[in-house]
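Below: one structure, written as structure tokens.
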Protein chains: 2
Amino acid sequence: MPTWTIHHGDALAILPALTGPADLVIADPPYNSGGRTASERTSMDTRTKYVSSGSARKGAQHDLAGFAGDNRDQRAFTVWLAMVLTGALRLAAPGSSALVFTDWRQLPATSDALQAAGWTWRGVVPWHKPTSRPRPDGFRPACEYVLWGTNGQPYRHAPTVYLPGLVSGSQPRGHGRRHITQKPVDVLRQLVQVCRPAGTVLDPFAGAGSAGVAALAEDRSYIGIELTEHYADIARQRLAGWQATGAD
Amino acid sequence: MPTWTIHHGDALAILPALTGPADLVIADPPYNSGGRTASERTSMDTRTKYVSSGSARKGAQHDLAGFAGDNRDQRAFTVWLAMVLTGALRLAAPGSSALVFTDWRQLPATSDALQAAGWTWRGVVPWHKPTSRPRPDGFRPACEYVLWGTNGQPYRHAPTVYLPGLVSGSQPRGHGRRHITQKPVDVLRQLVQVCRPAGTVLDPFAGAGSAGVAALAEDRSYIGIELTEHYADIARQRLAGWQATGAD
DNA sequence: AAGAATAGTGAATCTACAC
DNA sequence: CGTGTAGATTCACTATTCT
């Protein structure tokens with residue numbers, strides 16, 4: 001029976017206190033890349049930045065809380081993310097994997113942070129969002145990216161698993177949506193397969209706990225860390241509800 | 001009536017002699033990323049490096065020539081590609097685009113080169129290859145990437161065009177295959193749409209001329225540069241054949 | 001329907017060289 | 001001359017797609 005825990009606090013403070021081992025680190029950090037100017041990136045709040053114009057700016061359809069930690073410049077982002085991933089590597093079992101979400105703008109910085117932290121970069125899995133907004137006279141920004149790294153040689157599964165090179169799924173909408181940058185559980189369930197069966201998933205940026213739902217659904221245990229108390233509570237309620245009812 | 005030219009020689013030598021303007025620069029450079037050891041990367045020929053064990057190594061069906069320029073280390077790759085893209089930017093009309101192919105390993109270096117050369121990075125379009133090789137206990141390396149940059153503010157089309165955020169297509173096989181790293185014409189035709197209608201596509205690494213076929217098919221003119229005389233000849237024959245018969 | 005291909009990779013084996 | 005190590009080479013392997 002897989003178990004779960006949500007810690008409330010800063011990943012940099014919580015990670016050194018944990019003991020592990022973790023068999024998969026799945027991280028969805030604040031991308032620090034929304035907004036077009038430096039001042040927009042560092043001063044705007046996350047609701048204004050990430051919710052497309054027409055909703056949050058002029059009276060919204062949804063009323064999701066913002067989140068902290070999204071106002072670093074690119075150098076600070078790289079160093080900060082490397083520190084978090086270093087803390088996660090300390091807990092990671094040999095052969096375990098790290099999966100780090102990023103967008104196209106921060107992909108190079110994220111790959112630097114992953115490797116600076118000591119993980120071996122093994123590949124990139126694009127996440128295709130079919131419902132992304134079209135862009136006039138240009139290529140639609142339809143993908144985010146999952147960077148895959150391992151702690152040494154990758155864990156050998158028995159039986160061998162073959163995982164996709166591209167995942168597809170739309171962001172949750174309506175009342176299933178709990179966080180501005182929420183990832184679909186279907187996508188996360190595919191990604192969690194790289195974790196050792198019955199192993200433990202460590203998530204330093206738990207948000208509303210989608211990775212936890214995916215982990216439990218795939219029979220992995222889950223340890224989440226979330227900075228914003230509001231979301232830590234939401235994640236706890238959601239995971240408790242999942243274990244009680246099997247529904248999200 | 002769109003026109004075409006293939007120049008035989010090194011892009012760094014040919015680009016300064018051209019006058020332009022170009023409305024789209026499409027570049028498929030040698031990725032310099034195959035091989036696992038330093039000596040494999042720098043000494044192995046491209047056929048041995050990229051054609052998988054079952055074919056070229058033990059008696060192949062196809063017998064494609066190798067190509068030059070695939071033995072740089074990553075720093076040299078970055079600097080060299082930046083030089084080529086700088087030469088291309090000089091010819092690029094204001095608002096024109098650059099599209100640069102790369103793989104996941106070289107994506108960060110390629111984005112550095114694109115921006116160092118003075119292009120504004122606008123996005124990434126993953127190219128999904130359905131026939132990619134599976135990878136045991138990991139995520140299949142199923143995508144290559146197209147980096148999109150512009151010379152200043154992007155050209156505004158009239159009427160507005162909406163381009164995909166993800167392209168999919170398999171490498172040509174059988175007798176339609178002329179180059180080890182050939183890109184599918186269907187994919188290139190989608191990408192060429194970002195070029196001003198009836199504009200000119202500049203291709204510093206023409207290879208077997210697939211981008212030229214795509215350009216002509218979409219009513220754009222084409223200027224290609226190819227280092228290997230063997231492939232320059234193939235590209236000339238192919239483009240002449242396309243204009244004569246409308247078939248590839 | 002059968003066969004062959006894939007901008008690979010991990011493990012096993014072999015080789016060269018220093019001590 | 002045996003031994004250990006690093007680097008190079010060879011081998012085996014895989015699932016989806018395309019001819």
Side-chain angles (χ1 to χ4, degrees), chain A residues 94-95 97 120-125 148-150 152-166 190 193-194, chain B residues 27-72 74 77 81 100-107 109-110 126-147 167-188 205 207-208 210 228 231 248:
Chain A
S97 286
T120 304
W121 191 18
R122 297 279 172 188
V124 176
V125 183
W148 176 39
T150 63
Q153 284 302 107
Y155 173 78
R156 306 313 308 264
H157 292 248
T160 303
V161 295
Y162 292 90
L163 300 170
L166 174 73
Q190 293 190 274
Q193 311 279 336
V194 79
Chain B
D28 183 15
Y31 297 170
N32 288 274
S33 65
R36 287 170 292 182
T37 63
S39 81
E40 270 186 2
R41 272 193 296 274
T42 53
S43 67
M44 221 193 247
D45 74 82
T46 47
R47 281 192 58 206
T48 323
K49 202 150 78 172
Y50 294 124
V51 179
S52 65
S53 40
S55 53
R57 275 170 224 213
K58 327 179 185 162
Q61 286 210 323
H62 73 70
D63 189 23
L64 301 169
F67 57 91
D70 200 56
N71 44 20
R72 295 177 177 86
Q74 197 171 49
F77 171 80
L81 183 58
V100 186
F101 280 85
T102 191
D103 69 355
W104 65 270
R105 253 179 256 262
Q106 296 288 48
L107 199 160
T110 306
W127 164 37
H128 179 236
K129 300 179 290 183
T131 55
S132 56
R133 180 191 307 260
R135 173 176 182 155
D137 298 325
F139 297 94
R140 173 192 291 244
C143 289
E144 292 180 30
Y145 300 90
V146 184
L147 269 59
V167 292
S168 185
S170 295
Q171 266 204 324
R173 297 173 65 171
H175 71 283
R177 186 170 183 213
R178 299 165 174 93
H179 193 283
I180 302 177
T181 66
Q182 189 170 336
K183 305 294 177 281
V185 171
D186 285 352
V187 164
L188 292 163
F205 310 102
S210 301
T228 308
Y231 285 117
D248 184 19

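In what follows, every chain begins at residue 1, and chains take the letters A, B, ... in the order their sequences are listed.
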Heavy-atom donor-acceptor pair, [X] side chain to [Y] backbone, under 3.5 Å:
X	Y	value
B:Asn32	B:Asn71	yes
B:Lys183	B:Phe101	no
B:Trp104	B:Gln106	no
B:Gln171	B:Gln182	yes
A:Arg156	B:Asp137	no
A:His157	A:Val194	yes

Counting the atoms with a prime plus P, OP1 and OP2 as sugar-phosphate, which does [X] contact under 4.0 Å by heavy atoms, base, sugar-phosphate, or nothing?
X	value
B:Asp137	nothing
B:Pro29	base
B:Ser132	base
B:Arg135	sugar-phosphate

Whole Å only: how far is the [atom1] atom of [X] from the [atom2] atom of [N]?
X	N	atom1	atom2	value
A:Leu163	D:dT16	CG	C1'	15 Å
B:Arg41	D:dT9	CZ	P	14 Å
B:Asp103	C:dG8	CG	C1'	12 Å
B:Leu64	C:dA5	CG	P	11 Å
B:Asp186	D:dC18	CG	P	11 Å
B:Arg36	D:dA6	CZ	P	18 Å
B:Arg47	C:dG8	CZ	C1'	17 Å
B:Lys129	D:dT14	NZ	P	21 Å

If you check the [X] side chain, which of [options] turns out closest?
X	options	value
A:Pro154	D:dT19, C:dA7, C:dG10	C:dG10
A:Arg122	D:dT17, C:dT6, C:dG10	C:dG10
A:Tyr162	D:dT17, D:dT9, D:dT14	D:dT14
A:Gln153	C:dG10, D:dT9, D:dT17	C:dG10
B:Thr131	C:dT9, D:dA15, D:dC18	D:dC18
B:Arg140	C:dA7, D:dC18, D:dA15	D:dA15

Quiz item: B:Arg133 side-chain donor-acceptor pair to D:dA15 base, under 3.5 Å: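 Answer no: no donor N or O sits under 3.5 Å from an acceptor.
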For C:dA7 and D:dT10, measure between their P atoms and round to the nearest Å.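 It comes out at 22 Å once rounded to the nearest Å.
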Using the C1' atoms only, state how far D:dC13 lies from C:dT6, rounded to an integer number of Å.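 Looking at atom C1' only, C:dT6 and D:dC13 are 13 Å apart.
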If each of B:Gln171 and B:Glu40 is mapped to the nucleotide of DNA chain D with the nearest heavy atom, which maps nearer the 5' terminus, i.e. the 5' end?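 Between the two, 5'-proximity favours B:Glu40.
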Which sits closer to the 5' end of DNA chain D, B:Pro136 or B:Pro130, going by the nucleotide each is nearest to?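 Looking at DNA chain D, the more 5' nearest nucleotide goes with B:Pro136.
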Does any residue of residues 175-182 of chain B have a heavy atom under 4.0 Å from DNA chain C, and if so, which ones, in number order?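 By residue number: B:Arg177, B:Thr181.
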Watson-Crick/G-U partner (both atom distances under 3.5 Å) of D:dT14: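 Base-paired to nothing in any strand shown.
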Under 3.5 Å on both distances, the Watson-Crick or G-U partner of C:dA7: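 Pairing partner, where one exists within any strand: none, as none qualifies.
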Side chains of B:Asp103 and B:Ser33: any donor to acceptor distance under 3.5 Å?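 The answer is yes; a qualifying pair exists.
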Test item: A:Tyr162 and B:Pro136 side chains (from C-beta on) under 4.5 Å apart, heavy atoms: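 In contact.
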Does B:Arg173 put a side-chain nitrogen or oxygen below 4.0 Å from OP1 or OP2 of D:dT16?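 For D:dT16, neither OP1 nor OP2 has a side-chain N or O of B:Arg173 closer than 4.0 Å.
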Parallel, tilted or perpendicular: which one describes the rings of B:Tyr50 and B:Phe67, with boundaries at 30° and 60°?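 If you compare the ring of B:Tyr50 with that of B:Phe67, the planes turn out parallel.
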